[in-house]
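Since the structure comes first, as structure tokens, the remarks are kept for the end.
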Amino acid sequence: LLTDPTPMAVAIRLRREGARNHPFYRIAVADQRSPRDGKFIELIGHYDPKQAGDNHKINLERAEYWLSVGARPSQTVQSFITKARKASGAAA
């Protein structure tokens with residue numbers, strides 16, 4: 001009997017939504033083994049690459065929680081988290 005199961009590998013990554021030629025992404029926390037647009041644990045933000053200027057929004061509090069328990073962000077999501085941290089630091 002296995003009393004301490006191995007921890008689930010969790011990723012914070014983009015999941016694609018939107019129409020053809022008009023991508024829209026949600027920032028999702030998901031098991032690494034699940035497909036890109038498949039099952040997820042939690043949605044923590046969004047990103048619209050077609051919009052100019054400030055085109056992403058992320059719940060920094062939830063992102064920090066998931067990072068603290070070992071979730072690994074994709075490069076793009078990591079850049080959003082870094083930008084959000086700078087913005088919250090400037091506002092505070």
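Positions are given from 1, in the same order as the sequence printed here. In this text the structure is predicted, and so the values were computed from the model without any measurement.
Scanning both residues, P23 and P49, for their nearest heavy atoms gives O-CD, 3.7 Å. Contact between A63 and I58 at its shortest, heavy atoms only, is CB-CD1, 4.1 Å.
Within the 3.5 Å criterion, the main-chain N or O of L67 finds no donor-acceptor partner in the side chain of E64. Under the 3.5 Å distance criterion, the side-chain polar atoms of S88 are matched with a main-chain donor or acceptor of A84.
Both V29 and L60 are part of a single hydrophobic cluster, where members link through side-chain heavy atoms under 4.5 Å apart.
Annotation: side chain to side chain contact (heavy atoms under 4.5 Å, CB included) contacts of T76 (sequence neighbours excluded): L14, S74, F80.
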Practice task
Could you walk me through whether H56 and K83 pass side chain to side chain contact (heavy atoms under 4.5 Å, CB included), step by step?
Solution key: CA-CA 10 Å; H56 67 276; K83 288 176 187 175; 3.8 Å; yes

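N59 CG to I27 CD1: the interatomic distance, rounded to the nearest 0.5 Å, is 10.0 Å. With values rounded to the nearest 0.5 angstrom, R13 atom CZ is found 7.5 Å from Q32 atom CD.
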Using residues 35-46 as the side-chain source, report each donor-acceptor pair under 3.5 Å to any protein atom, sequence neighbours left out, with the distance given to one decimal.
from, atom 1, to, atom 2, distance (Å)
D37, OD1, R16, N, 2.9
E42, OE1, R62, NE, 3.4
E42, OE1, R62, NH2, 3.0
E42, OE1, W66, NE1, 2.8
E42, OE2, R62, NE, 2.9

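Annotation: E61, atom CD; neighbour count of heavy atoms from other residues, nucleotides and ligands within 6.0 Å does not exceed 12.
A salt bridge links D31 to R33: one of the charged nitrogens lies within less than 4.0 Å of a carboxylate oxygen.
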